[in-house]
Every structure is written in structure tokens, then in C-alpha cells.
2 protein chains.
Amino acid sequence: MTAVDLSTHPGHLARRLQQAHTLLWTTMVSEETTSPQFAVLNALTEKPDIDQRTLSEHVHLDRSTIADLVARLGRRGLLERVRDPHDGRRNVLKLTDEGAAVHRKLVTRTTRMNRVFLAPLDEGEQETLLRLIGRVADAAEELRG
Amino acid sequence: MTAVDLSTHPGHLARRLQQAHTLLWTTMVSEETTSPQFAVLNALTEKPDIDQRTLSEHVHLDRSTIADLVARLGRRGLLERVRDPHDGRRNVLKLTDEGAAVHRKLVTRTTRMNRVFLAPLDEGEQETLLRLIGRVADAAEELRG
DNA sequence: GCGAGTTGCTCAGTGTACTGACTAAAATCT
DNA sequence: AGATTTTAGTCAGTACACTGAGCAACTCGC
């Protein structure tokens, strides 16, 4: 009968926000490397030699998705996946030199992109937006920790 | 070299927000009908007899994605897709009785879910969050209108 | 009224993201 | 040590979401 106004629905808005971000990313940052892939490169820059499980916690993705992502990045030669000799279940991950180079390049571009993306808001609003999204996401993740 | 802090990156936060939302949706709203599918049902409740192109504008999804979604909902008997006799290119879409019933049921559950999802914020913050996301998304969509 | 352009849809391909079932390896508990 | 449980990873299946190519139908300019 009566339809609702989707612009008051956080889920719908979240999807649109991510969609808009992806679009801008491909034009301003990279067509080859996606934002989740950058998150993986970034995590491995900060913490090399971790396994897929630990990585999945850092970037907030589940193990299946990480496996796909890591396989793609491996195929492109941006990281290495080596079986842990001390624990035969684990794949130990490490960036290659090329992977580190790609990460360095994307860091500057990403910074620039974020400025453009948030340009419609003033500085206080930008800070508020990021903080509020973080709180909602954290709380929701808590529910199924 | 130096890794960045992803918690200050709107794209990463947007993905986490949507991820958290999807998780809560499947537990509190429906396991069969996803949030984008609900958006389609809602749009057709408000405006029946539109074609896929118009629908894609209403829910902010591209034509390929809409085609998939509509096909799935059609298979489940929630909507009908009829060739427009006046324009042989168009598929005219209309909810079935069952589709309208599913929409009605999900409206109440979605309202409840949104309350839980935004519960970590007070009312002013909730309003702020939705408004700020909307402004950023609108502006970004403007760039590639 | 006919050719050129536009429009609505489909299809193939790729990437993200989940669940659930499974395998293999390690840790734990008698 | 042997049986049980937990853990890391893979695989199949499904859904969302985009691009780019292509097709069929309509519109417009002349």
C-alpha cells in the first residue's frame, strides 16, 4: 500500500554512499586495484607475515572473500602466499616489491580522492560523518562478535 | 612504507556500514528478500507500471543490476514483467498481490530494524548521519550525472 | 518515408561478499 | 598416545554491482 521514503533508511544510504565512492575511486585512484584490494595492501604494509584469518579481521572481510582477494592480488604478483612451516594450515602473506610500490602510489591518490569525495561537507561535518559511521558500524559488529 | 589509517577513509567505512547493515537485515528483516530487493518492491508500490530504466533511477542501480534483480523477483512471483504494447523495448513492471504482501510485511520489520541499527546514536545524531551521507552521495552522483 | 541516432534491454565478464559444507592440520582432553 | 575439538583454508552456491558489447525498437531530421 504505502511506500516508505528510502532516503531515511541507513541501509539504502550506505549502499549509495559506497556506490558513489566506487565510481569516484575508479576515475581518481585506479581502474585495476579496487578499494578492498587497497585495504589488503595497506594491512600487509602495516603487518607483514600475517595469515588470511588475521588479515580478514583487520580489513573486516570474511575468510572466503579474503581468499578470493588474495588470490587475485597474488595472480597480479602484488603479494606472496607461503605455507607456514610451523603451522601447515596457515598461508603467510607478504607484499612483493611491486605490491609495496602499488600501495605507495595509491596512498597519495586515495588521500586526494577522499578530499574530493568529502568536499561537499565542511571540516567539522566530515569529522562528524566519519565518527558517526564508525560508531554505528562498530556497534553492529559487536552484536555478532 | 607507511600504512594509512583506514578508519579515516570514507570508502572503507561505507563498506563496513553496509556490511553491518546486511548482517542485521538477514536476522531482523528477511533471509529471502534482500535490502535492494525491498527497494525495488517499494519503488513499484509507489510507482507501478514503470519500466526497468525508470526503476533503476529510483533505486539508484544500473540497468544490468536491475535486470538481475527483477528476474529474481519475477521468478519468486513477486512481480510481473510485461512487454509494453506501445513500445516494444520496454518491460512494464507491476507487483503481484504476493509482492505487495511481502512489501507490507517488510515495511514494519524494516522500521524496527532501522531503530536497532541506529540505536548507538541519539536522535540528533541519527538525523545528522542520514543527512550527511545523503549530501555526499548526492554530490558524488552529480559528478557523473 | 528512410537513414541516422537514441533508447531499453540483454548478455558476457569481472569483482565483491556472504553462507554452509568440507578437508586438513593443530591443540586439547582425557 | 588416542579421540575430540578447534582452527585455517578451500569450494560451491547465491546475490549484488559494474563495464562494455550488442540487438531490437523507437524517434528525429531531412
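Since the structure is predicted, the reported quantities are computational estimates derived from the model, not experimental observations.
Neither side chain, B:Arg90 nor B:Gln52, offers a donor N or O lying under 3.5 Å from an acceptor on the other.
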Checklist outcome for this item: Whether each nucleotide of nucleotides 10-20 of chain D has a protein heavy atom under 4.0 Å at its base (B), only at its sugar-phosphate (S) or at neither (-) is summarised, 5' to 3', as BB---SSBBBB
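Residues B:Asp49 and B:Leu93 are not in side-chain contact: their nearest non-hydrogen atoms beyond the backbone lie 4.5 Å or more apart. Between A:Arg76 and A:Glu98, the closest side-chain pair of non-hydrogen atoms is not below 4.5 Å. For the pair B:Val4/A:Thr110, no side-chain contact is recorded, criterion being any heavy-atom separation below 4.5 Å from C-beta on. Taking 4.5 Å as the limit, every side-chain heavy atom of A:Leu132 sits out of range of all side-chain heavy atoms of A:Val136. Looking at A:Leu13 and A:Leu17, their side chains never come closer than 4.5 Å, going by heavy atoms from C-beta outward.
Listed here is the closest heavy atom pair of A:Ala39 and B:Leu6: CB-CD1, 3.7 Å. Summarising the geometry of B:Ile66 relative to B:Ser56, their closest heavy-atom pair is CG1-CB, 3.4 Å, with the distance given to 0.1 Å.
Phosphate contact (OP1/OP2 of D:dC26, side-chain N/O of B:Arg89, threshold under 4.0 Å): absent.
When each of A:Arg90 and B:Gly88 is assigned the nucleotide of DNA chain D with its nearest heavy atom, A:Arg90 is the one assigned upstream, toward the 5' end. Across the interface with DNA chain C, nearest-nucleotide mapping of B:Asp87 and A:Pro85 shows B:Asp87 to be the residue nearer the 5′ end.
The distance between atom NE2 of B:His86 and atom C1' of C:dT7, rounded to the nearest whole Å, is 18 Å. One can place CG of A:Asp84 at 17 Å from P of D:dT7, the figure rounded to the nearest angstrom. Summarising the geometry, the separation between CD1 on A:Ile50 and P on D:dG9 is reported as 10 Å, rounded to the nearest angstrom. Distance CG (B:Asp51) to P (C:dT10): 11 Å, rounded to an integer number of Å.
A donor-acceptor pair under 3.5 Å is absent between the side-chain atoms of A:Glu57 and the main chain of A:Thr54, judged by distance alone.
Residues from residues 24-32 of chain B with heavy atoms under 4.0 angstrom of DNA chain C: there are none.
The 12-atom threshold is not exceeded at CZ of B:Arg53, counting heavy atoms of other residues, nucleotides or ligands nearer than 6.0 Å.
Ion pair A:Arg16/B:Asp138 flagged as a salt bridge, since at least one NZ, NE, NH1 or NH2 atom sits closer than 4.0 Å to an Asp/Glu carboxylate oxygen.
End-to-end axis angle of the helix from C:dG1-D:dC30 to C:dT30-D:dA1, using five pairs per end and rounding to 10°, comes to 20°.
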